[in-house]
Amino acid sequence: MARLAVFVSGTGSLLEAMLKEKLVVHIVLADRPCCGLEIADNAGIPAALVERTDFTKNFDRVPYTHEVMAALELHRIDLVAMAGYMTVLAPPIFDRYRDRILNTHPSLLPAFPGPHSVRDALDHGVKVAGCTIHVATPEIDRGLILAQQAVPVLSGDTAEKLHERIKQIERKLYPMVIRQFLASIST
Ligand code: GRF
């Protein structure tokens with residue numbers, strides 16, 4: 001069976017959902033100390049902190065990306081699932097793991113790419129938001145769309161409330177798509 005890495009930066013609620021859905025995760029990798037690493041520790045999954053200490057534009061992305069790739073090689077990873085990972089990685093990882101890096105994004109792509117998608121969608125007055133599971137490429141929030149699900153916007157929605165309802169969908173849809181993807185990979 002193909003070996004899975006999950007990349008996190010935040011609460012790790014998607015990671016938790018994957019574990020609840022019984023996906024086998026071989027390494028959890030984070031770019032900063034975060035709850036996702038604690039979830040990995042508690043579940044007995046190897047955790048790697050490849051820390052990004054420089055959050056400026058001068059951040060040296062290529063060496064950072066090579067460090068991330070070294071952790072993947074060490075754990076013989078076949079598929080990466082980004083789950084709220086907030087660092088944009090450099091092209092070498094997308095060459096090495098071509099079509100083997102997945103992402104979930106809290107909008108119906110190609111609408112509202114970027115880090116503030118839920119707020120942007122609300123600001124735009126959309127009536128339907130949602131999430132997209134896609135293959136990640138060096139271009140942010142592009143790449144082949146694998147699955148999408150709509151989430152209605154309710155009156156009185158804030159970005160937080162709407163994002164939480166979107167995440168409830170992602171927690172079901174993403175593990176399902178990853179499972180299918182893993183099954184389709186021959187190692
Ligand atoms: C998800 O909404 C995902 O689409 C976005 O970041 C969120 C991750 O949530 N990229 P969490 O940190 O797992 O709770």
Side-chain angles (χ1 to χ4, degrees), residues 4-25 27-43 45 47-52 55 68 79-89 93-94 97 100-124 126 128-154 157-181:
L4 175 67
V6 179
F7 285 11
V8 293
S9 299
T11 69
S13 74
L14 280 172
L15 168 65
E16 240 170 355
M18 290 174 200
L19 299 177
K20 201 169 149 209
E21 297 293 329
K22 303 268 180 277
L23 278 180
V24 179
V25 178
I27 182 177
V28 171
L29 185 143
D31 60 354
R32 66 199 79 190
C34 62
C35 296
L37 289 175
E38 286 166 33
I39 293 168
D41 272 350
N42 293 337
I45 299 166
L49 174 59
V50 183
E51 195 163 7
R52 173 177 174 175
F55 287 85
V68 169
L79 182 71
V80 173
M82 296 206 264
Y85 185 70
M86 294 303 288
T87 291
V88 176
L89 295 168
I93 195 167
F94 297 98
Y97 294 91
R100 293 287 181 270
I101 304 179
L102 306 184
N103 186 39
T104 178
H105 181 75
S107 81
L108 294 172
L109 290 173
F112 308 115
H116 308 297
S117 50
V118 180
R119 196 167 69 211
D120 294 345
L122 271 185
D123 288 349
H124 216 85
V126 301
V128 178
C131 60
T132 303
I133 319 293
H134 65 99
V135 174
T137 64
E139 287 173 290
I140 301 164
D141 300 331
R142 296 281 188 91
L144 183 71
I145 292 176
L146 302 173
Q148 288 185 306
Q149 200 165 323
V151 175
V153 176
L154 305 180
D157 255 348
T158 59
E160 291 69 33
K161 282 189 200 169
L162 178 57
H163 196 174
E164 184 47 41
R165 289 206 312 287
I166 294 171
K167 283 203 211 179
Q168 281 168 16
I169 301 297
E170 289 181 293
R171 289 174 196 137
K172 291 285 172 207
L173 190 61
Y174 201 21
M176 205 173 82
V177 171
I178 293 169
R179 189 182 305 286
Q180 286 168 357
F181 209 93

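Just so you know, ligand 1 is whichever comes first in the structure, and atom 1 is the first atom listed for that ligand. Only this structure's heavy atoms are used, side chains among them; waters, hydrogens and symmetry mates stay out.
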Within the 4.0 Å heavy-atom shell around Ser13, which atoms of ligand 1 are there? 11 (P), 13 (O), 14 (O)
Enumerated ligand 1 atoms positioned under 4.0 Å from heavy atoms of His105: 4 (O)
Distance from atom 9 (O) of ligand 1 to nearest protein heavy atom, with residue and atom: Lys167 NZ, 3.2 Å
Below 4.0 angstrom from a heavy atom of Gly12, which ligand 1 atoms are there? Numbered from 1 as shown, please. 11 (P), 12 (O), 13 (O)
Please verify whether a non-hydrogen atom of Met86 lies at under 4.0 Å from ligand 1. no
Tell me: protein heavy atom nearest atom 4 (O) of ligand 1, and distance? Glu170 OE2, 2.4 Å
Determine the minimum heavy-atom distance between Leu173 and Cys131, stating which atoms define it. CD2-SG, 4.1 Å
At their closest point, which heavy atom of Thr11 faces which heavy atom of Ile39, and how far apart are they? O-CD1, 3.5 Å
Can you give each donor-acceptor pair under 3.5 Å made by side-chain atoms of residues 108-122, sequence neighbours left out, with the distance rounded to 0.1 Å?
none

Taking every non-hydrogen atom, the tightest pair across Leu162 and Ala129: CD2-CB, 4.1 Å
Is a donor from one side chain sitting under 3.5 angstrom from an acceptor on the other, for Arg142 and Thr137? no
So, taking the atom named NE2 in His105 and the one named CD in Glu170, what distance separates them when rounded to the nearest 0.5 Å? 9.0 Å
May I ask you to decide if Pro152's main-chain N or O and Arg165's side chain share a donor-acceptor pair within less than 3.5 Å? yes
Tell me which protein heavy atom sits closest to atom 8 (C) of ligand 1, plus the residue, atom name and distance to 0.1 Å. Gly84 CA, 3.6 Å
Tell me, which protein residue and heavy-atom name are nearest atom 10 (N) of ligand 1, and how many Å apart are they? Thr104 O, 3.3 Å
With only distance considered, is Leu14 within less than 3.5 Å of ligand 1 through an N or O on each side? yes
Around atom 11 (P) of ligand 1, find the nearest protein heavy atom and jot down its residue, atom name and distance. Thr11 OG1, 3.2 Å
